[in-house]
Amino acid sequence: MQQIKKNKNNNSSVYFSLQTTKNNIMSAAPAPVIPKTQKGVVFNESNGPLEYKEIPVPTPKPNEILIHVRYSGVCHTDLHAWKGDWPLPTKLPLVGGHEGAGEVIALGSNVKNWKVGDLAGIKWLNGSCMSCESCEQSNESNCPDADLSGYTHDGSFQQYATADAVQAAHIPPGTDLAEVAPVLCAGITVYKALKSANLKAGQWVAISGAAGGLGSLAVQFAKAMGLRVVGIDGGPGKEELFKTLGGEVFIDFQKESDIVGAVVNATNGGAHGVVNVSVSEGAISASTKYVRACGTSVLVGMPAGAVCKSEVFDQVVRSTKIVGSYVGNRADTREALDFFARGLVHAPINVVPLSTLPEIFEKMEKGQIIGRYVVDTSK
């Protein structure tokens, strides 16, 4: 199989494939049909109408691949991007989404590490400069010039989307694209957070928001890493989900008035590490109290305007740590996808049409999400 370049009028380039016949004569394989327009969800102003409509199909830049997005997970970050309530400006108009899974159908002229037909994933980090101090140290997500899918770069709530070839995720052949979609952000994010907690097998980790999209994956990664898991969440069906995923102790904040005491008692002294994926400022601050001496409270969820409060005397005397954990790098991505490929984690998903995205956001705002919603871009 070879690939040859076909120039376009806009000075960018894409590739199509050649295949060898029985007589060893090279003939052009049918190139993927790339339409000029597609269906997607776009908004023109923060908190404005979410319009499911016909929009242009993007053309990949020389360093990008074009992905036919089949499925996309829906993340709480997508809600913030739409509302515009983070201190980070979005591009407008904007197509949100950053958990897209599909097939590569075109390559930019400088792309070397992909071929048409490969399965690819669109992550939160769409691209970075790869030359600053952060990028040099494999902290690409902290790059000051980071390009973010569904935020500063049109994302995966459309049928066709572009991604930087360096940062796009390589998905193993034969993977269920609907199932893997949430791993591309939620899975990578919580896997990196667990690594940031510096825990050892057999220790306790508390997951605040344990039955949501991120939490349900965090429980599974934690179990696969040999950790004991106490989950904090509330609402119908959440304890059942937590237990089916392998969680050990569930604390319902709607029924338990003393969360700190409950965690300390359940873990015989406090959790060795905490992963905060909830969007409650109070829950985040509480984690600094029930984390064990010398333990680490990891901040992941980012409620707008929230502040993490910790009593200085208590933190110093107990030698606890508070760390922020953003999304993972390329190595974290590969490792997290390996957990998925080996069947150690799976995303409890509910697949719905892309056109129903406004309804998903409404449920998200009301805290009614169990597991992860995944949208089918064909509907």
Side-chain angles (χ1 to χ4, degrees), residues 73-80 182-183 185-187 189-191 193-194 197 199 204-225 227-267 270-292 295-304 306 308 325 345-350 360-374:
V74 184
C75 177
H76 212 278
T77 296
D78 299 316
L79 180 64
H80 289 293
V183 179
C185 174
T189 297
V190 298
Y191 174 66
L194 286 163
L199 298 170
W204 282 100
V205 61
I207 299 173
S208 181
L214 275 78
S216 57
L217 283 164
V219 172
Q220 297 173 75
F221 275 108
K223 288 293 293 183
M225 295 163 77
L227 303 173
R228 302 181 69 181
V229 186
V230 54
I232 306 164
D233 214 320
K238 295 193 173 181
E239 180 174 6
E240 290 77 9
L241 174 62
F242 173 79
K243 290 294 181 66
T244 62
L245 297 176
E248 189 167 341
V249 177
F250 185 82
I251 298 171
D252 190 330
F253 68 78
Q254 294 183 349
K255 299 176 182 178
E256 176 59 62
S257 59
D258 182 11
I259 298 297
V260 173
V263 174
V264 171
N265 289 335
T267 58
H272 296 88
V274 184
V275 174
N276 285 284
V277 294
S278 73
V279 289
S280 163
E281 179 175 327
I284 292 170
S285 295
S287 73
T288 67
K289 298 180 180 179
Y290 61 69
V291 69
R292 206 182 199 95
T296 303
S297 181
V298 184
L299 310 185
V300 178
M302 296 186 288
C308 177
S325 180
V345 298
H346 72 279
I349 61 172
N350 183 12
I360 301 172
F361 280 172
E362 184 178 350
K363 290 181 179 180
M364 194 173 280
E365 287 188 280
K366 295 178 179 178
Q368 297 175 344
I369 303 290
I370 299 178
R372 198 70 158 181
Y373 271 88
V374 171

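Reckoned from all heavy atoms, side chains included, excluding hydrogens, waters and symmetry mates.
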Which atom pair, heavy atoms only, marks the closest approach of Ala193 to Val275?
-> CB-CG1, 4.0 Å
Side-chain heavy-atom pair Val230, Ile207 within 4.5 angstrom cut-off = no
Test side chain to side chain contact (heavy atoms under 4.5 Å, CB included) applied to Thr296 - qualifying residues, sequence neighbours left out = Val298, Lys321, Val323
Should Tyr373 and Ile349 count as side-chain neighbours, where that means a heavy-atom distance under 4.5 Å?
-> no
Any Ile284 side-chain heavy atom under 4.5 Å of Leu299 side chain = yes
Is the backbone of Val74 close enough, under 3.5 Å, to the side chain of Asp78 for a donor and an acceptor to pair up by distance?
-> no
Distance-only check: which donor-acceptor pairs under 3.5 Å involve side-chain atoms of residues 240-248, not counting sequence neighbours?
from: Thr244; atom 1: OG1; to: Glu240; atom 2: O; distance (Å): 3.4
from: Thr244; atom 1: OG1; to: Leu241; atom 2: O; distance (Å): 2.7
from: Glu248; atom 1: OE1; to: Arg228; atom 2: NE; distance (Å): 3.1
from: Glu248; atom 1: OE2; to: Arg228; atom 2: NE; distance (Å): 3.3
from: Glu248; atom 1: OE2; to: Arg228; atom 2: NH2; distance (Å): 2.5

Which heavy atom of Ala271 sits nearest a heavy atom of Thr267, and at what distance?
-> N-OG1, 3.5 Å
Trp204 vs Leu227, side-chain contact (heavy atoms from CB on, under 4.5 Å): CA-CA, chis, key distance, verdict | CA-CA 6 Å; Trp204 282 100; Leu227 303 173; over 6 Å; no
Approximate separation, where rounding is to 0.5 Å, of Ile232 CD1 and Ser280 OG = 10.5 Å
Quick one: do Thr189 and Val300 satisfy side-chain contact (heavy atoms from CB on, under 4.5 Å)? Show the steps, please.
-> CA-CA 8 Å; Thr189 297; Val300 178; 3.5 Å; yes
Counting only pairs under 3.5 Å, give me each side-chain donor-acceptor contact of residues 208-224, with atom names and distances, residues two or more places apart or in other chains.
from: Ser208; atom 1: OG; to: Ser278; atom 2: OG; distance (Å): 3.4
from: Ser216; atom 1: OG; to: Gly212; atom 2: O; distance (Å): 2.8
from: Ser216; atom 1: OG; to: Gly213; atom 2: O; distance (Å): 3.2
from: Gln220; atom 1: OE1; to: His346; atom 2: N; distance (Å): 2.7
from: Gln220; atom 1: OE1; to: His346; atom 2: ND1; distance (Å): 3.1
from: Gln220; atom 1: NE2; to: Ser216; atom 2: O; distance (Å): 2.9
from: Gln220; atom 1: NE2; to: His346; atom 2: O; distance (Å): 2.6

Can you find a pair of side-chain heavy atoms, one from Leu199 and one from Met225, that are under 4.5 Å apart?
-> no
The side chain to side chain contact (heavy atoms under 4.5 Å, CB included) partners of Ala262 (sequence neighbours excluded) come to Ile251, Glu256
What one should report as the nearest heavy-atom pair of Ser297 and Asn276 is OG-ND2, 3.2 Å
Side chain to side chain contact (heavy atoms under 4.5 Å, CB included) filter on Lys255, not counting sequence neighbours, yields Asp252
Arg372 to Ala186 - nearest heavy-atom pair and separation = NH2-CB, 3.6 Å
So do the side chains of Leu79 and His76 get within less than 4.5 Å of each other, counting heavy atoms only?
-> yes
In chain order, what residues pass the side chain to side chain contact (heavy atoms under 4.5 Å, CB included) check against Thr288, with sequence neighbours excluded?
-> Cys308, Ser310, Ile322
Gly234 to Phe253 - nearest heavy-atom pair and separation = N-CE2, 3.1 Å
Separation between CG (Asp233) and CD (Glu239), nearest 0.5 Å, reads 10.5 Å
